[in-house]
Amino acid sequence: MTDAPLVLGIETSCDETGVGIVRGHTLLADAVASSVDEHARFGGVVPEVASRAHLEAMVPTIERACETAGIRPSDVDAVAVTSGPGLAGALLVGVAAAKALALGLDKPLYGVNHLAAHVAVDQLEHGALPEPCVAMLVSGGHSSLLRVTDVTGADGGVDPMGATIDDAAGEAFDKVARLLGLPFPGGPHIDRAARAGSSVLIDFPRGLTSRRDLERHRFDFSFSGLKTAVARWVEARERSGEPVPVADVAASFQEAVCDVLVRKALDAASSEGIEDLLIGGGVAANSRLRHLAEERAAKLGIRVRVPRPGLCTDNGAMVAALGAEMVARGRTPSALDLPADSSLPVTEVLA
Ligand code: KG4
Ligand code: ZN
């Protein structure tokens, strides 16, 4: 597909400086520079530190991506950038860089939504998105269930069915990891520790799954009660002077999160008569989530698509993938005075 649009995408909504280059659905380069090590000792991302790291990493990361793809910046047909949601200062760095590039190259600019980009990235691995599909987005900042009829957002193409009412799924992983003395970000460490533990040893609560909760919050999530339950359990152990079985707590906690996520995602798809479920965002890298989703979906005749772990966590390829879709579907580019919007709603896919 040499005539498909060549798009460079820039992602700076959190602590990853990502620059991806795609041609249509083909990934040509995915350069990521992360400042995660600079945040680890604080136990969370420090916005000022992230913004500064983006500034330093931006130009070298663009150069690295172009080199890997074997292209010159002037070859690109369009520049795409995450315009929100995310950390305001961090977003600004990416948006300013994308504007400079688009203006300098005289190419169209597409300011796109980070959340829809987590969905669009799957096209790079599994080909054209099935539309309609239900997309479950689970990351450090978001947990939502979306009905997707057009990933570029045209005509209400990204429609929220439910979302977390408190902590995001990734946030719960990070907080519980901290409780267990595991490093930040906690998701991958819990995933690893859980492999040696029992997922049924501790029966942690499944948020918003009681019959009463389902009446009002059928497709919503809540993870703060679960996090508190884990904290109480660990405290009780420590008080009694017994060692904390880290692997068992990790496995039982992970099971509680994945059980609820998969249950609700499959219920959302079934309720809409939709046969494709897509899972995206950093938590979609979780091995248990992937396994459980596939196992239960197969019984219902629902197909599951999950990008490979490297494409689930924040990267520039996802932004380029969504940008390429904007070009392919003839969407009008963004204005050059495009703002960074830290609370861009999920329904606004093109800013
Ligand atoms: O999508 P992402 O890279 O950034 C945001 O947009 O938030 O997601 C980061 C989140 C973190 O909370 C991290 O702990 C979690 O994704 N995560 C995982 C795994 N890998 C990353 N959570 C569970 N299991 C994993 N393997
Ligand atoms: Zn993300």
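When a ligand or atom number is given, it counts from 1 through the structure's own listing order.
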*Of the side chain and backbone of Thr313, name the one, both, or neither that has a heavy atom under 4.0 Å from an atom of ligand 1.*
both

*asked:* With heavy-atom distances below 4.0 Å as the criterion, list the atoms of ligand 1 near Gly170.
replied: 12 (O)

*asked:* If the cut-off is 2.8 Å, does any N/O/S atom of His118 fall short of it from the Zn ion (ligand 2)?
replied: yes

_Evaluate His118 for polar contact with ligand 1, using N/O atom pairs at a separation under 3.5 Å._
yes

*asked:* Heavy-atom pairs closer than 4.0 Å: do any link ligand 1 to the side chain of His142, the backbone, both, or neither?
replied: neither

*What protein heavy atom sits nearest atom 2 (P) of ligand 1, and how far off is it?*
Asp314 OD1, 3.3 Å

_Using a 4.0 Å cutoff against the non-hydrogen atoms of Ala285, which atoms of ligand 1 qualify?_
20 (N), 26 (N)

*Counting backbone and side-chain atoms alike, does His114 have an N/O/S atom under 2.8 Å from the Zn ion (ligand 2)?*
yes

*Using the ring of each side chain (for Trp, its six-membered ring), is Phe221 parallel, tilted or perpendicular to Phe223, with breaks at 30° and 60°?*
parallel

_As a check for students: among Gly187, Cys258, Ser139, Ala177, identify the option with a heavy atom nearest to atom 18 (C) of ligand 1._
Gly187

*Taking 4.0 angstrom as the limit, do Asp267 and Arg218 come out as a salt bridge?*
yes

*Can you tell me which residue and heavy atom of the protein come closest to atom 7 (O) of ligand 1, and the distance to 0.1 Å?*
Gly140 N, 2.8 Å

_For ligand 1 and Asp174, I'd like to know whether there is a polar contact (N/O to N/O, distance under 3.5 Å)._
yes

*atom 26 (N) of ligand 1 [closest protein heavy-atom partner, distance rounded to 0.1 Å]*: Asp191 OD2, 2.9 Å

*Of all the atoms in ligand 1, which lie at a distance below 4.0 Å from a heavy atom belonging to Gly141?*
7 (O)

*asked:* Just so I know, are the side chains of Val119 and Leu278 near enough to count as touching, which here means a heavy-atom distance under 4.5 Å?
replied: yes

_I'd like to check whether Gly282 has a polar contact with ligand 1, where a contact means an N/O of the residue lying under 3.5 Å from an N/O of the ligand._
yes

_Considering both backbone and side-chain atoms of Glu16, is one of its nitrogen or oxygen atoms within less than 3.5 Å of a nitrogen or oxygen in ligand 1?_
no

*What protein heavy atom sits nearest atom 24 (N) of ligand 1, and how far off is it?*
Asn286 ND2, 3.0 Å

*Minimum heavy-atom distance Arg147-Glu272, with the two atoms named*: NE-OE1, 2.7 Å

*Begin with the C-alpha distance, continue with both residues' side-chain angles, and end with the deciding distance and a verdict on ring pair (Phe, Tyr, Trp, His ring centres under 6.0 Å) for Phe173 and Phe253.*
CA-CA 9 Å; Phe173 270 95; Phe253 157 77; 5.1 Å; yes

